Amino acid sequence: MSLAYDVEKDTGAGPEALEATLVEAVNLALDHEMEHDESVVVLGEDVAVNGGVFRATVNLREKYGVRRVMDTPLAETLIAGMTIGMAVQGLRPVAEIQFMGFIYATFEQLVSHASRMRNRTRGRLSCPMVIRAPFGGGIHAPEHHSESTEAMLAHVPGLRVVIPSSPQRAYGLLRAAIRDPDPVIFLEPKRIYRAAKQKLRIEEATLPLDMCFTLREGSDITLVSWGAMIRETLEAAEQLGERGISAEVVDVATIKPLDMETILTSVEKTGRCVIIHEAARSFGAGAEIAAQLAEKGLLNLRAPVARVTGYDTVMPYLRNERYYLPDVDDIIAAVEKTVAFG
Amino acid sequence: MSLAYDVEKDTGAGPEALEATLVEAVNLALDHEMEHDESVVVLGEDVAVNGGVFRATVNLREKYGVRRVMDTPLAETLIAGMTIGMAVQGLRPVAEIQFMGFIYATFEQLVSHASRMRNRTRGRLSCPMVIRAPFGGGIHAPEHHSESTEAMLAHVPGLRVVIPSSPQRAYGLLRAAIRDPDPVIFLEPKRIYRAAKQKLRIEEATLPLDMCFTLREGSDITLVSWGAMIRETLEAAEQLGERGISAEVVDVATIKPLDMETILTSVEKTGRCVIIHEAARSFGAGAEIAAQLAEKGLLNLRAPVARVTGYDTVMPYLRNERYYLPDVDDIIAAVEKTVAFG
Amino acid sequence: MTTGPGVDIPMTRYLGEDGDPVADLPAWAADHQLLVGFYRSMVLTRVFDRKAVALQRTGQMGTYPSCLGQEAIGVAIAHLMSAADVLVPYYRDQSAQLGRGVWMAEILLYWGGDERGSRYRDNAVDLPNAVPIATQCAHAAGVAAAMRIQGRHDAVVCTCGDGATSKGDFLESINVAGAWQLPLVFVVNNNQWAISVPRSIQCGAPTLAQKAVGAGFPGEQVDGNDVIALVEVIGRALERARAGKGATLVEAISYRLGDHTTADDATRYRSPEEVNEAWRLEPVQRLRDYLHGVGAWNELQEKALYRDCEKAVEKAVREYQETPPEPPEAMFDYLYANLPHALEEQREAVIARAARMDGGGP
Amino acid sequence: MTTGPGVDIPMTRYLGEDGDPVADLPAWAADHQLLVGFYRSMVLTRVFDRKAVALQRTGQMGTYPSCLGQEAIGVAIAHLMSAADVLVPYYRDQSAQLGRGVWMAEILLYWGGDERGSRYRDNAVDLPNAVPIATQCAHAAGVAAAMRIQGRHDAVVCTCGDGATSKGDFLESINVAGAWQLPLVFVVNNNQWAISVPRSIQCGAPTLAQKAVGAGFPGEQVDGNDVIALVEVIGRALERARAGKGATLVEAISYRLGDHTTADDATRYRSPEEVNEAWRLEPVQRLRDYLHGVGAWNELQEKALYRDCEKAVEKAVREYQETPPEPPEAMFDYLYANLPHALEEQREAVIARAARMDGGGP
Ligand SMILES: Cc1ncc(C[n+]2csc(CCOP(=O)(O)OP(=O)(O)O)c2C)c(N)n1
Ligand SMILES: Cc1ncc(C[n+]2csc(CCOP(=O)(O)OP(=O)(O)O)c2C)c(N)n1
Ligand SMILES: [Mg+2]
Ligand SMILES: [Mg+2]
């Protein structure tokens, strides 16, 4: 997967260009796939009449009808299980779990069935399905609305776990996820749902679901991150550049299966790595990346791999939420420490 | 936690010594705590009249009555939720999930409530509870009876995840888990439930829930493992010794919170580390250990950290199960490669 | 009412929409001072709720779920429960919580983003708000089972919404409540909406109360805007529970007069006509009309009551606003009974980091 | 039968325990050859099942859940379903699966520890065994919803045990089946036991069928040892489903005559008297008695049938035993449609490792 990702393409132009925020890009991707493939259906809580509590599914019911855009009873286990049943029948269901904090009730269905149906039946049946869920903190929401537990799902063989970090990648990755023949957990960084508009290349093919995207080239250090933290990471890289430290920024994008080649290649060049994620540190997804660096890239490492992450505790309620989330200064401090090391 | 664990004590003697297998030790620990504390109760599927499908709760109903030993309806979410409700009321419930493969339905209750009740109420309420589940493969059981997904639970702040690897440790750790003021997930390696009898030191105090146990001292390499794989790990250490490689064996025992000090101290001495677990490799618990070695122990590492693990796929059904589980030869091969490196 | 193939679910109402009795009132309701007490509690809840919404709208609090129109249910529950009973609420139970000794300032702290809002200085037993829908029902079953194990004769009241009745946790919990004959009263606040999803999409049965049939215990409906009916029906259920006769499912028919939360805009999915119609049924006006009618309440008292309530609410708001945030390391201090060694470093780190962020440190 | 406060659940039985009709048989049952066909299928299932247990006992197969005593239910289901209908079974549905074109050798492969046992050469649509209890019910709802979305007029039959009715997946699924009026028939095989837990601990209601009341569709009981009653009741339910009239819950009263699985010892938790009593009710003998009575079956035919069944089973056993295991790398080859790059190394590793383990390699 050493395929270089053309970052420039991130900001499309031309007649088909459409300005969209990340959440709008999600909506456009759903719209596009529903328009071109009758088997794509959408289900979840508040997705139909209301168009989703974040408006990600707005207008779909009006366009594609109640048969294809379904408000379900309030039951996440059921939503996941029905999605499996629909997928097995040849539909391409896209289910929304309203917040990642409410995804745990789907785990039995995801771990024991969605991820295994193809393997269990030796290919006779399969689950081409997507579970979408807004995730991450920083929006001053109540309890359970700030989860980022992608690592738990990334441990499950047979799943894909995909996290976009820009409107274009949300668009391209979601379209790919819907077309993918296997179950994809698509986690949307809601903190940046409306952070910025971007001109989308609508005609663009889907993006690959097994590739990291190198968003910024650099020679001194590799910053590995995903989701909403990409913003802070890019900002940190910018500021580091002003201080003479050239940082490469890798957006992992697909957490599972993990494209370590891109990361290893980058670290081979830079000799240093800082991993940034919002989730709790211990047993987080960053651990796997650091572990593989220790296994396969040890000789290239000029300094210990550092992780800048959320703490191993429950995200505080909104008054103290900001003390939990990593920020630009944390990244810069970790980089400076790493660079100072050697 | 540099407290050295006296391995010799593992095999007790004296008048109070009792021979027990690991599953018998579980039963004895439950019995002991129920006898000494009225608030300890047991619940789950088939735990009462039947005494558990593995006989872990046998005779408890007869001794302590139907009020304290309860067969529940077949509903894991409910079992976890009721356990929380009981714990909040001052009981010390010990729930059995029949196999770890059926634990996923409890995740919402464990992640969103058990692990958070104390934090959420700022100490007003708490969850002194234990969820016991047999885990791991290698017993030629049907689908879903071979899971080892301890990493998923280890990522959850507020939980403890504890895994014994001998009758004595099962006994001491379970007794400690039941007395612990916070929720403990107690995973029992069923492959070695009856692998060996050991003389238990019944009078012995409980064992600490935040400490690795160094089961064997060595100077050339540190082998880190837990659960059933400890058997293969000790056997490998034995064979390596014959080949002149001195391996230290660390039983992690408590996966969360993780006692990295013992591991780091050992690797400081040996300069090499192989981590062995049965669970799928990627985003497994071994990743966190390797990551912390890359962060905090990099300068001590003479060779890359290696992981000997299950593959990132679903455990095959019994005909091909053995191809999935790591064995002694795999450990030896990884050690020899590591030692050869430097 | 016929409520499905071969099943009959009772429905209880005493006060009609205009506050006139539509049936003979229970004897206890002759105590007008008692009813006035209910009225006061309902008004306090409403005044509090309005203020809470205003705080959110002005950026002084986080997302908040208004309980407008749901006041009667909680007032009935709190009135009927003893101190040793346990309330296992959901997030729209402000009126019950106020009646159970939870401070208004605590409720504001909770929705204002401060964990101390669930510490309840004056209530040691009730469970805190449960945000993940229906999960609290299983806790309620556990609490009720614990009471039996401990030989207590108390009871549990567990509340949830209409949407919650679709979720496994609720359904598994009513099932065990029936199988184990637990001292447990489920009160479903059927306010017709689960965010944008109407009651009809949640369930194909004509009543939610009839879910109790499959669990083997009685289910009944009650007018959730009629506090007298609520006290009567929930009171009977609590007596059954305390007498060891098992669980009851009470479906209280109400209407969510406000948005789902301050983050919601209900005009996107329901008509103003529907909401206007629902306003005609709301519980506060109905009880006032009744009390007026029987001469137990007048305009002077009304004015004084609102003045008192507003004062009490203002005081609570001040307490809320004057409560400084916890120190950042509080995020570690209640996670475990004793901070694990492995977290000491992180706790130190957050202290240093907060100092840096707040300009006080390196 | 009164089955709880204000609810009546019908119970259907045509053949008494001795095989004599206890009610007027449905017209279609006059076709004795049809009944003989049922009988043949039931006997085949029983012979197969006995053999499967024997294979496990002699170390030639893994843990196996005997379907002894449950043969009639699956025979009725398979008879009634069309090829385009979808069966969503649980693990004790051997008789239904055999009737749906699943090979005996495939069932043996599955329990013998070979994933190809769920590949079903002759059945492209049915779901495989679901081991996690009740999880399949949600799949069934999804399949039924898909049929509606796709404009098909087929139906789904979903089976589960009595224990499964306590689990959220079942309860959430019947709820959506009612809310969405899905073309779905739930058949609960109430064999009185969930491993060691008796029916009475699962649920406080007198019938499991009445769980349908809370979901808003009909529920009824049927004698699960009476194939004629099963065909009649499940057949009506399937017609309802195909006619767009929604779901039905059929509780088939049976008895698990064997251990839960070969890993279980039922004598630990139930009395021989109870089991003996249940043997008097079992479905195969009952139908044979009826067919004898009406002169549609004789001893000669009986002997020939058993001979044929044993032959067919032997053949299946041979096929099972002669099927070499899959290569070890098969564990990667069906995980995703296309093996992710990240797994290529592991796939290579397992091949090398297996060669080493099997003495063929380095
Ligand atoms: C498990 C779970 N899923 C989804 C949500 C998001 N959510 C919050 S409230 C709500 C609707 C609840 O409706 P209902 O039970 O009727 O209670 P109401 O809010 O109407 O009082 C939803 C879907 C949640 N909190 N928990
Ligand atoms: C979710 C889950 N929990 C526990 C188990 C273990 N288990 C296997 S079968 C069984 C009992 C099932 O009883 P029932 O539903 O009545 O079906 P039966 O086996 O009697 O036909 C249990 C508890 C499981 N397979 N899945
Ligand atoms: Mg509601
Ligand atoms: Mg059963």
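Worth saying up front: this structure is predicted, and the values here are computed from it rather than measured.
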- Message: Please classify the contact between C:L109 and chain A as side chain, backbone, both or neither, with a heavy-atom cut-off of under 4.5 Å.
- Response: side chain
- Item | Toward chain A, the part of C:P128 with a non-hydrogen atom under 4.5 Å | neither
- Task: May I ask you to decide if C:P325's main-chain N or O and A:N320's side chain share a donor-acceptor pair within less than 3.5 Å?
- Result: no
- Query: To the nearest 0.5 Å, how far apart are CD1 in C:I133 and CD in A:Q98?
  - Reply: 9.0 Å
- Note on the structure: What one should report as the nearest heavy-atom pair of A:D46 and C:V197 is OD1-CG2, 3.5 Å
- Nearest atoms (heavy-atom pairs only) where C:P132 meets A:F102: CA-CE2, 3.8 Å
- Message: Can you tell me which portion of C:A349 sits under 4.5 Å from chain A's heavy atoms? Options are side chain, backbone, both or neither.
- Response: both
- Under 4.5 Å, counting heavy-atom pairs only, tell me which of C:A164, C:S166, C:A134 racks up the most with chain A. C:S166
- Ignoring hydrogens and geometry, is there a side-chain-to-backbone donor-acceptor pair from C:E115 to A:Y317 under 3.5 Å? yes
- Item | Closest contact, heavy atoms only, A:L318 versus C:G112 | CD1-O, 3.5 Å
- Query: Measuring heavy-atom distances to chain A, does C:Y64 have an atom under 4.5 Å in its side chain, in its backbone, in both, or in neither?
  - Reply: neither
- Message: Which atoms of A:R322 are under 4.5 Å from chain C, going by heavy atoms: the side chain, the backbone, both sets, or neither?
- Response: both
- By a 4.5 Å heavy-atom criterion (distance strictly below it), what part of A:T77 contacts chain C: side chain, backbone, both, or neither? neither
- Quick one: what part of A:Y324 sits under 4.5 Å from any heavy atom of chain C, side chain, backbone, both or neither? both
- Message: For C:R199, I'd like to know if atom CZ has over 12 heavy atoms of other residues, nucleotides or ligands within 6.0 Å.
- Response: yes
- Query: When heavy-atom pairs shorter than 4.5 Å are enumerated against chain A, which of C:L335, C:D114, C:T63 gives the highest number?
  - Reply: C:D114
- Task: Hey, could you give me the CE/CD distance between C:M331 and A:E321, rounded to the nearest 0.5 Å?
- Result: 10.0 Å
- Task: Over all heavy atoms of both residues, which pair between C:L343 and A:D312 is shortest? Give the atoms and the distance, please.
- Result: CD2-CB, 3.5 Å
- Query: Do you know which two heavy atoms are closest between A:L74 and C:A194, and how far apart they sit?
  - Reply: CD1-CB, 4.5 Å
- Nearest heavy-atom pair of A:A75 and C:K167: which atoms, and what distance? CB-CA, 4.3 Å
- Note on the structure: Residue from C:L171, C:V350, C:D169 scoring the most non-hydrogen pairs under 4.5 Å with chain A is C:V350
- Message: Using side-chain heavy atoms (C-beta onward) and a distance below 4.5 Å, is A:D327 in contact with C:M357?
- Response: yes
- Where on C:R116 is there a heavy atom nearer than 4.5 Å to chain A: the side chain, the backbone, both, or neither? side chain
- Query: For A:Y311, is it the side chain, the backbone, both or neither that has a heavy atom under 4.5 Å from a heavy atom of chain C?
  - Reply: both
- Message: Heavy-atom cut-off 4.5 Å, strictly under: side chain, backbone, both or neither for C:I201 against chain A?
- Response: both
- Query: Is A:D330 salt-bridged to C:R356, going by a charged N under 4.0 Å from an acidic O?
  - Reply: yes
- Message: Taking C:V131's backbone N and O only, do any of them form a donor-acceptor pair with A:E143's side chain (distance below 3.5 Å, no angle check)?
- Response: no
- Message: Heavy-atom pairs under 4.5 Å with chain C - which of A:V49, A:V314, A:V53, A:D71 has more of them than the others?
- Response: A:D71
- Query: Looking at A:A141, A:P142, A:A48, which has the largest count of heavy-atom pairs under 4.5 Å with chain C?
  - Reply: A:P142
- Query: With a 4.5 Å limit on heavy-atom distance, are the side chains of C:R347 and A:T313 in contact?
  - Reply: no
